[in-house]
There are 2 protein chains.
Amino acid sequence: MAKPVVDRAGLLPLLAEVFRSHGYEGATLALISQATGLGKGSLYHFFPGGKAQMAADVLAEIDGWFEVHIFAPLRESDDPARAVAAMVGAVDSYFRSGHRMCLVGVIALGASRDTFAAQVQDYFKRWNDALALALRRSGLSASAARRRSTDALITIQGALVLARASGDSRMFGQAMAEMTTRLLAKPD
Amino acid sequence: MAKPVVDRAGLLPLLAEVFRSHGYEGATLALISQATGLGKGSLYHFFPGGKAQMAADVLAEIDGWFEVHIFAPLRESDDPARAVAAMVGAVDSYFRSGHRMCLVGVIALGASRDTFAAQVQDYFKRWNDALALALRRSGLSASAARRRSTDALITIQGALVLARASGDSRMFGQAMAEMTTRLLAKPD
DNA sequence: GACTCGTTGTACCGATCGGTACAATCTCGG
DNA sequence: CCGAGATTGTACCGATCGGTACAACGAGTC
C-alpha cells in the first residue's frame with residue numbers, strides 16, 4: 001500500500017479546485033490529470049465512476065465540511081448571535097473573502113445541474129434549515145427566521161457571483177458585514 | 001435576399017436561450033444548430049467568428065436590452081422611487097420570476113469567463129452606476145447609494161442562483177420584494 | 001435565361017473528449 | 001525473496017468537439 005504523494009482523501013481538494021475554476025464541463029480529464037499529477041489509470045482506479053463520481057465525491061466532501069463547521073454549530077449552539085457570527089467568519093474564510101467560488105453554486109448553474117440536482121438542493125436546504133433554527137432560537141418567529149435565513153444564503157451566493165463578475169472581491173466582505181447586521185437585527 | 005424563417009437579429013434570442021440553459025461550454029454547435037434549425041453553414045455565415053462571436057453578440061444584445069429598459073430609465077427618471085419600482089418589475093419579468101437564468105452571471109461563473117470578462121464587468125458596472133445615481137437622487141449619500149445599489153445586484157444574482165439550485169422559484173419573488181423595501185427605506 | 005450573390009446542407013478536418021485495456025511497476029506480508 | 005494485490009503510465013477506443021470547404025440552391029436583375 002503505497003502513499004506516494006497523496007491518498008484518495010488528499011485528492012479531493014485538488015479535484016475541487018479544478019471543478020471550481022473550470023466548472024464541470026470545463027474540467028477535462030487532461031486538466032484533472034495535470035492538477036493531481038496522476039495519470040488516467042490512477043484516476044480511474046480511485047474513481048471508477050469517472051468524472052461524474054469525482055464531482056459527486058467532491059460535492060459530498062464539501063457537504064461534509066459545511067456540516068461539521070457550519071451546519072452543526074448553527075443547530076447546536078446555545079448562543080445564536082455567536083453562532084451566526086461564527087458562520088459568517090467561517091464563510092468568509094472558506095471563500096477566501098470572495099476570491100474562491102462556491103462549487104455548489106457553480107454546479108447549480110452549469111449544464112450538468114440535473115446530474116447533481118439532489119446533492120445541490122440538499123446542501124442549500126440543510127444550510128437554510130440550520131440557520132433558520134438558530135435564528136428562531138434567538139427569538140424570531142418561524143417565518144421571519146426563514147426569511148432572514150434565505151436572504152443570507154442569497155446574499156452569500158450573490159456576493160460571490162458579483163465579486164467574481166466585477167473582479168472586485170472587496171464587495172464580498174462588505175456584503176457579509178451588511179448581511180450580519182440584517183441577520184442579527186431586532187425582529188421587525 | 002430570402003428571409004426564410006429568421007434573420008440574423010431574430011437568431012440572437014434563440015442563441016441566448018441555448019447559452020442560458022447549457023452554459024458556454026455546454027452549448028455545442030449541434031445543440032445550437034438544432035435550436036435554430038440552421039446548419040453549420042448558415043451559422044458560420046452569420047457569425048464568421050464562430051461560437052465566441054455568437055456569445056459575444058448575444059451578450060451585446062442583452063446589454064442593449066438592459067440599457068434601454070433598465071439602465072437609461074434609472075438614469076433619467078425624475079422620480080427615483082418609481083424608477084426603482086419599474087426596475088424591479090422589469091427584472092422580475094425579464095427573469096420570468098426566477099425561472100430564467102442570468103446569462104451574464106452564468107458566463108461569469110463558467111470556464112470561459114476570461115474571454116468575456118470585459119463585457120461582463122461593464123454590464124454590472126453600468127447597472128450599479130445607474131441604480132446608485134437614482135438612489136442618490138432620492139436623497140441618499142453617495143456611499144449609501146452605492147452600498148444599497150450593490151446590495152440589490154447581489155440580491156438579484158443570488159436569488160437567481162438559489163432559486164435555480166433549490167428548484168424553488170418562489171424565493172425569487174420574495175427576495176425581490178425585500179430588496180425593494182431595502183432600496184426605498186429611509187436613509188439609515 | 002444567364003448572371004450574381006446571399007444562403008444553405010453536407011461532407012470532412014484534426015483535435016480532443018471521457019473512458020477502457022492492460023502490461024509494467026511498486027509495496028508489503030510472509 | 002517471492003508472490004499478491006494495489007497502483008501506475010500509456011496506448012488506444014469511438015464519439016464528438018469547433019471549424020472549414022464547397023457545391024448546390026434560391027431569388028432577384030438585366
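Throughout, protein chains are lettered first and strands after them, A, B, ... in sequence-line order, and every chain is numbered starting at 1. Fair warning: this is a prediction, and the values are worked out from it, not measured in the lab.
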Partners passing side-chain hydrogen bond (donor to acceptor under 3.5 Å, both in side chains) against B:T180 (at least two apart in sequence or in another chain):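 With sequence neighbours excluded, B:T180 shows a side-chain hydrogen bond (donor to acceptor under 3.5 Å, both in side chains) to no residue whatsoever.
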Quick one: list whatever passes side-chain hydrogen bond (donor to acceptor under 3.5 Å, both in side chains) with A:R146, sequence neighbours left out. A:N128, A:D129
Rounded interatomic separation in angstrom, taking [atom1] from [X] and [atom2] from [N]:
X     : N      : atom1 : atom2 : answer
A:H45 : D:dT10 : NE2   : P     : 18 Å
A:F46 : C:dG19 : CZ    : P     : 17 Å
B:Y44 : D:dA21 : OH    : P     : 12 Å
B:R8  : C:dG6  : CZ    : C1'   : 14 Å
A:F47 : C:dG19 : CZ    : P     : 13 Å

Does B:G41 reach a base, just sugar-phosphate, or nothing at all? Heavy atoms under 4.0 Å.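 Base, at least one base atom sits under 4.0 Å.
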Qualifying salt bridge (charged side-chain N to carboxylate O under 4.0 Å, His left out) pairs, either residue in residues 72-83 of chain B, two or more places apart: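 Those involving residues 72-83 of chain B are B:E67-B:R75.
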Any N/O pairs under 3.5 Å between the protein and nucleotides 11-17 of chain D? List them or say none.
none

Got a sec, which residues hit side chain to side chain contact (heavy atoms under 4.5 Å, CB included) with A:A144, two or more places apart in sequence or on another chain?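 Per chain and number, A:A144 pairs via side chain to side chain contact (heavy atoms under 4.5 Å, CB included) with A:L140, A:S141, A:R147.
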Look at atom CD of B:Q34 and say whether more than 12 heavy atoms of other residues, nucleotides or ligands are closer to it than 6.0 Å.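 No, the 6.0 Å shell around CD holds no more than 12 heavy atoms from other groups.
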Residues 94-103 of chain A, side-chain donor-acceptor partners within the protein, below 3.5 Å, at least two apart:
{"unit_1": "A:Y94", "atom_1": "OH", "unit_2": "A:R20", "atom_2": "NH2", "d": "3.4"}
{"unit_1": "A:S97", "atom_1": "OG", "unit_2": "A:D92", "atom_2": "OD2", "d": "3.1"}
{"unit_1": "A:H99", "atom_1": "ND1", "unit_2": "A:R96", "atom_2": "O", "d": "3.0"}
{"unit_1": "A:H99", "atom_1": "NE2", "unit_2": "A:S169", "atom_2": "OG", "d": "3.1"}
{"unit_1": "A:R100", "atom_1": "NE", "unit_2": "A:E17", "atom_2": "OE2", "d": "3.2"}
{"unit_1": "A:R100", "atom_1": "NH1", "unit_2": "A:Y94", "atom_2": "O", "d": "3.0"}
{"unit_1": "A:R100", "atom_1": "NH2", "unit_2": "A:E17", "atom_2": "OE2", "d": "3.0"}

